[in-house]
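Below is one structure; the comments refer to it alone.
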Amino acid sequence: MTESQAKKRIEELSKEIDEHNYNYYVLDKPTISDFQFDKLLEELIRLEKEFPFYASPDSPTQRVGGQITKVFKAVKHKYPMLSLGNTYSEEELRDFDDRVRKAIGDEFEYVCELKFDGLSISMHYTDGKLVQAVTRGDGVQGDDVTTNVKTIKSIPLKLKDGDWPDEFEIRGEIMMPLKSFEKINKEIRLQLKEDGYDDSEIEDRLLKNPRNAASGTIKMQDSSVVAKRNLDCFLYFLLGENPGFKTHEESLKKAKEWGFKVSDHYKLCKSMDEVMKYLLHWDKARHDLPYETDGVVIKINSLRQQRDLGFTAKSPRWAIAYKFKSESVSTQLLSISYQVGRTGAITPVANLHPVLLAGTTVKRATLHNADQIEKLDLRIGDFVFVEKGGEIIPKITEVDLKRRDKNSKPVRYISKCPECGTALVRKEGESLHYCTNELGCPPQIKGRIQHFISRRAMDIDSLGEGKVEMLYDHGLIKTPADLYWLSHQQMLGLEKIIEGEEGEKSKKISLQEKSVQKILAGIEASKEIPFERVLYAIGIRYVGETVAKKLAFHFKSMDAISIATEEELMHAEEIGEKIAESIVDFFKEKRNRKLVEELKEAGLKMKLSADSIPEKISSKLNGLSFVVSGVFSDFSRDEIKQVIEQHGGKNQSGVSAKTDYLLAGDEAGPSKLEKAKKLNVKVMDEKEFLKLIH
Ligand code: IVH
């Protein structure tokens with residue numbers, strides 16, 4: 001292909017891909033399949049690689065990201081980004097209407113729009129091309145997040161042909177659609193479950209709501225991660241020296257013509273009554289939208305009248321936001337149940353009379369811990385208000401005291417484990433109660449076996465939650481070691497009834513020949529799992545994957561670890577007092593020593609193998625400490641940690657002032673990134689890391 005042919009083809013492809021992006025992400029009406037689209041994009045990527053001088057900064061290939069922004073540049077807004085006055089009631093809205101009428105008379109129209117719940121963004125276009133995107137910041141200056149914004153496919157990098165001004169600014173809201181939010185949380189949940197976290201700990205670590213998720217994402221350093229998070233953006237405000245149109249509605253229509261995503265749900269209203277109708281409609285209908293809204297924005301349509309009304313110090317006098325009340329319903333608290341996790345942690349759950357809230361039936365709400373119950377002064381039979389307010393799990397906000405039964409008594413938190421009857425303990429400074437009957441309490445026993453077989457531990461994937469339960473219920477397993485004495489005969493034909501949820505039928509499952517063979521093969525194969533993972537699998541509290549590795553490399557065998565004193569343990573890298581104490585406590589228990597003996601007898605690896613000791617390759621990373629987080633393209637997380645050690649570096653499990661680099665892959669933990677930023681720890685991606693060692 002000659003250069004001029006390449007140039008022509010690159011232009012053709014860019015135009016075609018832009019058009020398909022627009023059809024898909026703005027109009028929601030794709031005209032080709034994903035496969036066909038990918039083919040076009042691949043061709044463009046290939047050509048741009050071969051003829052890089054024709055790759056333009058607004059090429060659709062920019063959408064996949066890849067650029068890293070270490071520090072977001074602060075940029076002063078050309079026009080300050082003001083906020084809107086908020087109201088929650090019809091009365092306040094009518095006051096606003098009165099003020100407007102007093103100022104400009106009765107001849108005007110309103111435009112009502114949805115108030116999108118995300119983060120506001122201001123984008124600058126020059127000659128029809130996106131040149132800069134800046135967050136709101138403090139309203140006067142914000143952060144330049146252009147590289148990340150370019151990955152949002154509904155935002156045009158290049159405008160369609162049209163009468164756009166050479167220079168203008170457009171503002172809108174970046175949001176995370178509910179589907180993407182749920183998908184990301186599902187992935188986080190799976191990962192943490194596999195890591196052995198309790199449900200209450202998992203809840204704490206999930207993305208809180210789509211708004212937080214969107215603003216967290218837009219400030220991520222790696223734009224390729226942003227690209228995968230499927231953000232979206234609605235535009236609602238056009239600014240420029242000479243816009244050339246008379247009404248706000250006209251500007252929305254123009255913006256749409258030029259290729260911006262403008263919501264179709266706006267409405268011209270001639271009176272307050274029409275505005276109220278719009279509000280009432282969307283207060284309900286918003287729950288059917290694929291993204292979150294938290295109110296309605298009411299604006300004067302005529303731009304001349306907007307100018308006449310002007311601004312106060314903080315907000316325009318020509319617009320106001322009406323905020324929806326977070327939907328709250330009242331229902332009765334029927335009972336409180338207490339769940340026991342694998343570590344023995346107790347989580348109280350409120351069982352409610354089923355009630356419809358924001359489109360779903362709510363039957364349960366989390367209560368977190370005993371303090372929460374006390375703070376709410378809950379009593380069984382109380383009518384309580386339940387809210388979903390953007391969070392995933394509904395919560396009880398308050399008790400309806402007017403409806404309280406006079407004879408009711410405050411809830412007495414349980415003092416014994418609901419599963420095994422053991423007295424609960426609550427250590428000083430901890431918010432949770434624990435059942436200490438580690439070896440006799442069914443959910444703890446089953447939980448430990450689940451952890452033992454999990455992917456990152458012994459990886460026996462032919463056994464799952466249901467099968468472990470089945471084997472436990474039939475009295476065949478009580479400890480992980482029992483797995484190794486299971487026979488074909490014992491398992492064949494075993495049955496389990498799975499209770500259906502309300503309205504659903506119960507199911508009966510039974511173990512057939514094929515499953516039994518698979519289970520036995522999986523158990524056999526686990527004998528080859530390296531020692532450091534066996535150490536992780538036996539479930540010593542606070543001994544996660546990284547700590548297990550440290551211990552394994554330092555002490556080389558289970559025997560050595562089991563007899564080490566707290567002080568000796570603390571000589572190993574990253575082992576502090578809390579972990580050391582927990583290890584000593586573990587091996588003090590006769591039952592735990594027995595478990596380890598039995599696993600040894602079963603043939604599991606109890607010593608560090610020669611292959612596990614990383615062969616030294618270089619000393620390029622000598623003296624440097626790394627924290628690894630996220631998913632990498634060329635390595636598993638374990639592999640990349642091994643490479644660090646092979647080059648003389650050290651791995652740490654958490655970011656601290658002693659960390660030199662946070663090596664962040666896709667979906668790196670937001671809290672780690674935040675901590676790194678706070679402590680001024682450098683964040684590096686896979687590419688930079690490879691450069692460092694090669
Ligand atoms: S107009 C001069 N329209 O709400 C202010 N804002 O509190 C112009 N928002 O910062 C803003 N949807 O982030 C406008 N349809 C909409 C909106 C909207 C959401 C956000 C925006 C703004 C905040 C105002």
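Just so you know, ligand 1 is whichever comes first in the structure, and atom 1 is the first atom listed for that ligand. Note that the numbering runs from 1 along the sequence shown for the chain. What you see is a predicted model; the values in this text were computed from it and never measured.
Relative to the ring axis of Y22, K160 places its NZ or CZ within 45° and under 6.0 Å from the centre. For the pair K261 and F234, the cation-pi criterion (under 6.0 Å, within 45° of the ring axis) is fulfilled.
With S180 contributing its side chain and M176 its backbone, the two residues share no donor-acceptor pair below 3.5 Å. A donor-acceptor contact shorter than 3.5 Å links the side chain of N185 to the backbone of L207. Put simply, the side chain of D400 never gets that close to the backbone of F383: no donor and acceptor are under 3.5 Å apart.
In this structure, atom 8 (C) of ligand 1 lies nearest to the protein heavy atom F237 CD2, 3.9 Å. Nearest protein heavy-atom contact of atom 4 (O) of ligand 1 is K115 NZ, 3.3 Å. Summary of contacts: the protein heavy atom closest to atom 10 (O) of ligand 1 is S120 OG, 3.7 Å. Regarding atom 7 (O) of ligand 1, its nearest protein heavy-atom neighbour is L84 N, 3.3 Å. For atom 12 (N) of ligand 1, the closest heavy atom belonging to the protein is F116 N, 3.0 Å. Looking at atom 15 (N) of ligand 1, its nearest protein heavy atom turns out to be E113 OE1, 2.8 Å.
A side-chain hydrogen bond (donor to acceptor under 3.5 Å, both in side chains) with K219 holds for exactly one of D143, T69, T135; it is D143.
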Decide side chain to side chain contact (heavy atoms under 4.5 Å, CB included) for R171 and R136; before the verdict, give the C-alpha distance in whole Å, the side-chain angles of both, and the deciding distance to 0.1 Å.
CA-CA 10 Å; R171 291 181 180 168; R136 180 173 187 276; over 6 Å; no
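Applying the salt bridge (Lys or Arg N to Asp or Glu O under 4.0 Å) criterion to E249, with sequence neighbours excluded, gives K253.
Listed by atom number, the atoms of ligand 1 under 4.0 Å from L82 heavy atoms are 5 (C). Residue E173 has at least one heavy-atom neighbour below 4.0 Å for each of these atoms of ligand 1: 9 (N), 13 (O), 19 (C), 20 (C), 21 (C).
Heavy-atom distances between P316 and ligand 1 reach below 4.0 Å in at least one pair. In this structure, L114 counts as a contact residue of ligand 1, since one of its heavy atoms falls inside 4.0 Å of the ligand. Under the 4.0 angstrom criterion for non-hydrogen atoms, K299 is in contact with ligand 1.
Contacts between Y236 and ligand 1, counted as non-hydrogen atom pairs separated by less than 4.0 Å, involve the side chain only.
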